[in-house]
Novice: 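Sharing a structure with you now.
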Amino acid sequence: MLDIKLIREHSPRVKDSLASRGAGDDLKVDELLELDARRRSLLAEVETSRAKRNQESKAIGSLLKEKRHEEAEQLKREMRSLGEKIADLEARLTGLKATEDELMLTIPNLPHESVARGASTEDNPLIREWGEQRSHDFPLEDHLTLCERLKLVDFVRGAKLAGSGFPLYTGWGARLERALIQYMLQLHTSEHRYVEVSPPFVVTRDCMEGVGQFPKFVDQAYAVQEGEDAETLGKLWLVPTAEAPVANIHREEILPYEALPIRYCAYSPCFRAEAGAAGVGTRGMIRMHQFDKVELIKVVAPEESYEELESMVQDAERVLKRLELRYRVIMLCTGDLGFGSAKTYDIEVWAPGQGDWLEVSSCSNCEDFQARRMALRYKAPDKQNRFPHLLNGSGTALARLFVALVETHQQPDGSILIPEALRSSLQADRLTSD
RNA sequence: GGAAGGGUGGCUGAGUUGGUUUAAAGCACCUGAUUCGAAAUCAGGCGUACGCUACAAACGUGCCGCGGGUUCGAAUCCCGCCCCUUCCGCCA
């Protein structure tokens, strides 16, 4: 959520910034300002009337104490009609407020000034690239073939259980998945100083709103209900990312300054309905309804957030370096930026079997956008309550990492050589078809 | 799921026959005085959001778990919900 005061006082700048995203959200600003002005004038009216009522009610108390019953009754009658007027005004105010809040929740964050202006993925600047494209002097297999031949994933039976997009990892595939999770958590907790948390895999609507998933992306989420009781439908939602629970851990709190920066890492499965995305480049494990992910979350003082964003990207990159995977880092341009983000770096890993880059991490600084939505604040050294900046990043997403790993490290003999860093948690050096 | 008890400002904790309690008091904290310095003591300050404003002060409004209701007036009465504690039941 943006700061309404910022919108009021610098509407041209806000509009320009929103326009750079290209989604037309700048057009909402005038509507919002108009609503806001009406709301405030109504609020002033309500408050003046309430002040009057408070004052006169006290007077009634005094009159009764002095046994001046008739005067008291007269005043009561007056206050009764004032009360009706207030109720009427309040109802209108509540309506206006609800409309304004709703609109506020649909306005995305403002891109940071350092973000490249652009319209689409085409305009995303390349920041850096790591690793060489290996020359394979044997025919490459893609992950689907590899997974089938080595019995790592059973797509057919996974689909039988839950429909397409729900993988069933089997044997060494399941062990590899688990080893990757273990390896990443280990790296982030012991070398990057994140505190591991293991959150609920369902969250309330408030949490989804807090991180900016709702209202815009409701259609992408799975709602749950208790048994067949439709009353409970939508009370809880499957997490689309561990960001949803973890970023909300301190919602509605005022954190002491010394508590910052807070760095959390968490594993969770991620559930995405992917409505409207089916069929487009979705072969194999590239786009799934369920995938595993290790997520990084930071709560930091505003003045440190961009520094923290850079280090978060490097934390995620280290995962890929250690796994000896070629990758590149790109910056999302204004037109490609996510709803709540002010600046985002994507990390894409090279998948030789696909002949393409796969996004395995997205690291964003949401600044105070989410903190406002979830009423998360910290007590600044000057004693003021301020909104901290929230950052989230994948460190990293598993299914695509799995793909890149098996495709990159496949050997001429049909086996997959496990990179050094992963061997202890996997308890194997090589995956073969035996 | 059932029963009982409880949710008050950073903490402790008064206040529940509705009305000078404008949420007492203490602790903690901040400023000043005293002191060589500190402790102790004394004086003052000290919740939060919003509105109005110069993003000042002052003032106003809301907030005593959340949401409704009764009333001229609700921390206080009524209804619904949430959470916590204890016990019981069920269950991995």
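The shown structure was predicted, so the numbers you read here are calculated from the model rather than taken from an experiment.
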Novice: Quick check on B:G73: is either OP1 or OP2 less than 4.0 Å from any side-chain nitrogen or oxygen of A:R53?
Specialist: yes

Novice: Is A:N54 close enough to B:G73 that one of its side-chain N or O atoms is under 4.0 Å from OP1 or OP2 there?
Specialist: no

Novice: Rounded to the Å, how far apart are A:M104 CE and B:C50 P?
Specialist: 11 Å

Novice: Given the P atoms of B:U16 and B:G67, what is the spacing between them in whole Å?
Specialist: 24 Å

Novice: Any chance you could measure A:K85, atom NZ, to A:K52, atom NZ, to the nearest 0.5 Å?
Specialist: 9.5 Å

Novice: If you look at every strand shown and take non-hydrogen atoms under 4.0 Å, does A:A51 touch a base, only sugar-phosphate, or nothing?
Specialist: sugar-phosphate

Novice: Would one find a side-chain N or O of A:R40 under 4.0 angstrom from OP1 or OP2 of B:C52?
Specialist: yes

Novice: On RNA chain B, compare the nucleotides closest to A:V46 and A:L75; which residue's is nearer the 5' end?
Specialist: A:V46

Novice: So what does A:I60 hit on the nucleic acid, given a heavy-atom distance under 4.0 Å: a base, only sugar-phosphate, or nothing?
Specialist: base

Novice: Of all the nucleotides listed (B:U48, B:U61, B:G51), which has the minimum atom distance to the side chain of A:R377?
Specialist: B:U48

Novice: Taking atom P in both B:U86 and B:C78, what distance in whole Å separates the two?
Specialist: 27 Å

Novice: Please classify the nucleic acid contact of A:K383 as base, sugar-phosphate, or nothing, using heavy-atom distances under 4.0 Å.
Specialist: nothing

Novice: Specify the separation, in whole Å, of atom CG of A:L96 and atom P of B:G51.
Specialist: 15 Å

Novice: Can you tell me, in whole Å, how much space there is between the C1' of B:A3 and that of B:C90?
Specialist: 15 Å

Novice: What is the distance, rounded to the nearest whole Å, between atom CZ of A:R50 and atom C1' of B:G73?
Specialist: 14 Å

Novice: Using a 3.5 Å distance criterion without hydrogens, assess whether the side chain of A:Q225 forms a donor-acceptor pair with backbone atoms of A:G227.
Specialist: yes

Novice: Ignoring hydrogens and angles, are the base of B:G51 and the side chain of A:E47 linked by a donor-acceptor pair under 3.5 Å?
Specialist: no

Novice: Is a side-chain N or O of A:Q220 found less than 3.5 angstrom from the main chain of A:A273, in a donor-acceptor match?
Specialist: no

Novice: Consider the side chain of A:S57, meaning its heavy atoms from C-beta on, and name the nucleotide among B:U61, B:C72, B:U48 that approaches it most closely.
Specialist: B:C72

Novice: How far apart are the closest heavy atoms of A:V239 and A:S268, and which atoms are they?
Specialist: CG2-OG, 4.1 Å

Novice: Can you tell which of B:G51, B:C72, B:U48 lies closest to the side chain of A:N385?
Specialist: B:U48

Novice: Indicate yes or no: does A:R386 engage A:D368 in a salt bridge with an N to O separation below 4.0 Å.
Specialist: no

Novice: Expected output check: what is the dot-bracket annotation of RNA chain B, where ( ) and [ ] are pairs inside the strand (brackets for crossing ones), | is paired with another strand, and pairs are Watson-Crick or G-U under 3.5 Å?
Specialist: ((((((((.[[[..)...(.....]]].(((((.......))))).(((((.......))))).[[[[[..)....]]]]])))))))....

Novice: Can you tell me how far C1' in B:A24 sits from the matching atom in B:G15, rounded to whole Å?
Specialist: 8 Å

Novice: Please table the atom pairs, donor to acceptor, closer than 3.5 Å between any side-chain atom in residues 334-344 of chain A and protein atoms at least two apart or in another chain.
Specialist:
| residue | atom | partner | partner atom | Å |
| --- | --- | --- | --- | --- |
| A:T334 | OG1 | A:S20 | O | 2.8 |
| A:T334 | OG1 | A:G118 | N | 3.0 |
| A:T334 | OG1 | A:G118 | O | 3.1 |
| A:D336 | OD2 | A:N124 | ND2 | 2.9 |
| A:S341 | OG | A:K343 | N | 3.1 |
| A:S341 | OG | A:K343 | O | 3.1 |
| A:S341 | OG | A:T344 | OG1 | 2.6 |
| A:K343 | NZ | A:S114 | OG | 2.8 |
| A:K343 | NZ | A:Y345 | OH | 3.4 |
| A:T344 | OG1 | A:S364 | OG | 2.8 |

Novice: Using the C1' atom in both, what is the distance from B:G65 to B:U48, to the nearest Å?
Specialist: 16 Å

Novice: Hey, is the main chain of A:I254 close enough, under 3.5 Å, to the side chain of A:R377 for a donor-acceptor pair?
Specialist: no

Novice: Does OP1 or OP2 of B:G51 have a side-chain N or O of A:R8 closer than 4.0 Å?
Specialist: yes

Novice: Using atom C1' of each nucleotide, how far apart are B:U17 and B:G7 to the nearest Å?
Specialist: 24 Å

Novice: Using the P atom as the point on both nucleotides, what is the distance between B:G5 and B:C79, in whole Å?
Specialist: 14 Å

Novice: Compare side-chain N and O positions of A:R80 against OP1 and OP2 of B:C72 and report whether any pair is under 4.0 Å apart.
Specialist: yes

Novice: Taking the basic N atoms (NZ, or NE/NH1/NH2) and the acidic carboxylate oxygens, is any pair closer than 4.0 Å for A:R39 and A:D36?
Specialist: yes

Novice: Regarding A:Q74 and A:E78, do their side chains bring together a donor and an acceptor under 3.5 Å, going by distance alone?
Specialist: yes

Novice: Closest nucleotide of RNA chain B for A:K379 versus for A:D36: which of these residues is on the 5' side?
Specialist: A:K379

Novice: Under a plain distance cut-off of 3.5 Å, with no hydrogens placed, do A:Y306 and A:E367 share a side-chain donor-acceptor pair?
Specialist: yes

Novice: Using a heavy-atom cut-off of 4.0 Å across all strands, would you classify A:L82 as base, sugar-phosphate, or nothing?
Specialist: nothing

Novice: Between C1' on B:U61 and CG on A:L42, what's the gap in Å once rounded to a whole number?
Specialist: 13 Å

Novice: How many whole angstroms separate atom CD of A:E253 from atom P of B:G47?
Specialist: 21 Å

Novice: Take the protein atom CZ of A:R39 and the nucleotide atom C1' of B:G51, then report the distance between them rounded to whole Å.
Specialist: 9 Å

Novice: If the P atom of B:A74 is compared with that of B:G19, how far apart are they to the nearest Å?
Specialist: 11 Å

Novice: Using whole Å, what does the distance between atom P of nucleotide B:G67 and atom CD of A:E90 come to?
Specialist: 14 Å

Novice: Need one value for A:K52: base, sugar-phosphate or nothing, where a base atom within 4.0 Å counts as base even if backbone is also close, heavy atoms only.
Specialist: nothing

Novice: In whole Å, what is the span from the CD atom of A:E231 to the C1' atom of B:G80?
Specialist: 13 Å

